[in-house]
Number of protein chains: 2
Amino acid sequence: MVEYKSDENLSRLLKAVSDTTRRSLLTQLSQQGVSRVTDLAGYYDMSLNAISKHIKVLEKAELVTRKTIGRTHWIEANLEQIKLAENWFMELKSIWELRLNKLDELMKNGDASDD
Amino acid sequence: MVEYKSDENLSRLLKAVSDTTRRSLLTQLSQQGVSRVTDLAGYYDMSLNAISKHIKVLEKAELVTRKTIGRTHWIEANLEQIKLAENWFMELKSIWELRLNKLDELMKNGDASDD
DNA sequence: GTAATTGTCAACCTAAAGGTTGAATATTAT
DNA sequence: ATAATATTCAACCTTTAGGTTGACAATTAC
């Protein structure tokens, strides 16, 4: 059996950004900076509750943080977390390169059967 | 209303890689190169059919390509497509940077109230 | 030609995702 | 005190996701 990296976090993160509305929210937050839930909801043709839920998903993926002051919740993007995804993509590419390099070597000295 | 970039493709791609098994399949394919469906399925504690489905999802996201020769289907990773995701992350970060720079400027010459 | 192999397709099941609406909870304004 | 505002919670609905099993179709091996 293949070893599953314990990557629930990565799954959560990628699932979070795989939704158009949530990606849009992150863009919005990156442009506008810290925002209230109601403000964010204003941009979308969707109930406040739906947006509230989306924000919670982003929060669990640690893509945003929340600071509650009185009755208003201030939401802020946390782009740090995105590195997790980027790292995975980079790793995958390097695995790919590795194989190609090995192949290349094998082609060059087709006689020497090592490994 | 916020403008949704027509990014169904990106959503499909991110959704595809948000699943652990499918990420693992991509890793496998990057390491082993072109593989048959049955070979891939061998690594997982899951029915062949399930893996077949996963591969179809990857295929629709254009993360893998398929070449059918006789009864066997040869699957190959297509890392090109991953750039789509990477671009989105980069864009997001630059949007973020942009705002921070503006803020910075505003702080420096707090008098000049333009924009 | 009969049997085995490689895959998909279709039907089904269960759980999760994305929305809705209607309270409920806290906080602030009048 | 009462009303308005900001948000979440809970219950519900519908669609999608991920898995299973059982046929089926095509190709290859004996």
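Throughout, protein chains are lettered first and strands after them, A, B, ... in sequence-line order, and every chain is numbered starting at 1. What you see is a predicted model; the values in this text were computed from it and never measured. Just so it is clear, the values below take in all heavy atoms, side chains as well, and ignore hydrogens, waters and symmetry mates.
At whole-Å resolution of the value, CG in Leu58(A) and C1' in dA17(C) are 14 Å apart. Atom-to-atom, CZ of Arg22(B) to P of dA17(D) comes out at 8 Å; the value is rounded to the nearest Å. The distance between atom CG of Asp45(B) and atom P of dG19(D), rounded to the nearest whole Å, is 11 Å. The CZ-P distance, from Arg12(B) to dA17(C), rounds to 20 Å in whole Å. Remark: P of dT20(D) and NE2 of His54(B) are 9 Å apart, rounded to the nearest angstrom. The CG-P distance, from Leu14(A) to dA17(D), rounds to 16 Å in whole Å. For the pair His73(B) NE2 and dT28(D) C1', the computed distance is 14 Å after rounding to whole Å. Note: CD1 (Ile51(A)) to P (dT7(D)) measures 12 Å, nearest angstrom.
Checking Ser18(B) against Arg12(A) by side-chain atom types alone, no donor-acceptor pair falls below 3.5 Å.
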Donor-acceptor contacts under 3.5 Å from residues 74-81 of chain B side chains, at least two apart:
{"from": "Trp74(B)", "atom 1": "NE1", "to": "Thr72(B)", "atom 2": "OG1", "distance (Å)": "3.0"}
{"from": "Asn78(B)", "atom 1": "OD1", "to": "Glu80(B)", "atom 2": "N", "distance (Å)": "3.4"}
{"from": "Asn78(B)", "atom 1": "ND2", "to": "Glu62(B)", "atom 2": "O", "distance (Å)": "2.9"}
{"from": "Glu80(B)", "atom 1": "OE1", "to": "Lys83(B)", "atom 2": "NZ", "distance (Å)": "3.4"}
{"from": "Glu80(B)", "atom 1": "OE2", "to": "Lys83(B)", "atom 2": "NZ", "distance (Å)": "3.1"}

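Here the nucleotide nearest the side chain of Arg66(B), chosen from dT8(C), dT20(D), dG19(C), is dT8(C). Ranking dG22(D), dA10(D), dG18(C) by closeness to the Asn49(B) side chain, first place goes to dG22(D).
Considering only side-chain N and O atoms, Ser47(B) lies under 4.0 angstrom from the phosphate OP1 or OP2 of dT20(D). In this model, the phosphate group of dT8(C) is approached by a side-chain N or O of Ser52(B) to a distance below 4.0 Å at OP1 or OP2.
Taken from NZ in Lys53(A) to CG in Leu48(A), the straight-line distance is 12.5 Å, to the nearest 0.5 Å.
Closest approach of Ser35(B) to Leu29(B), counting heavy atoms only: OG-CD2, 3.7 Å.
Side-chain atoms of Arg22(A) come within 3.5 Å of backbone N or O of Lys15(A) as a donor-acceptor pair.
Side chains of Asp19(A) and Leu14(B) form no contact here, defined as non-hydrogen atoms less than 4.5 Å apart. Contact annotation: the side chain of Val34(A) never approaches that of Lys67(A) to less than 4.5 Å [non-hydrogen atoms, C-beta and beyond].
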Strictly under 3.5 Å: I want the nitrogen or oxygen pairs between protein and nucleotides 12-15 of chain C, one per line.
none

Write out a two-atom table: protein N or O, nucleotide N or O from nucleotides 25-30 of chain C, distance below 3.5 Å.
{"from": "dT27(C)", "atom 1": "O3'", "to": "Arg71(A)", "atom 2": "N", "distance (Å)": "3.4"}
{"from": "dT27(C)", "atom 1": "O2", "to": "Arg71(A)", "atom 2": "NH1", "distance (Å)": "3.0"}

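Projected onto DNA chain C by closest heavy-atom contact, Lys56(B) and Arg36(B) fall at different nucleotides, the more 5' of which corresponds to Arg36(B).
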**Request:** Could you walk me through whether Tyr44(A) and Ser24(A) pass the side chain to side chain contact (heavy atoms under 4.5 Å, CB included) test, one step at a time?
**Result:** CA-CA 10 Å; Tyr44(A) 302 89; Ser24(A) 174; 2.6 Å; yes

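Heavy atoms of Thr38(A) sit under 4.0 angstrom from primed sugar atoms or phosphate atoms, though from no base atom.
Follow the hydrophobic side-chain contacts under 4.5 Å out from Val57(B) and you never reach Ile82(B); the two are in separate clusters.
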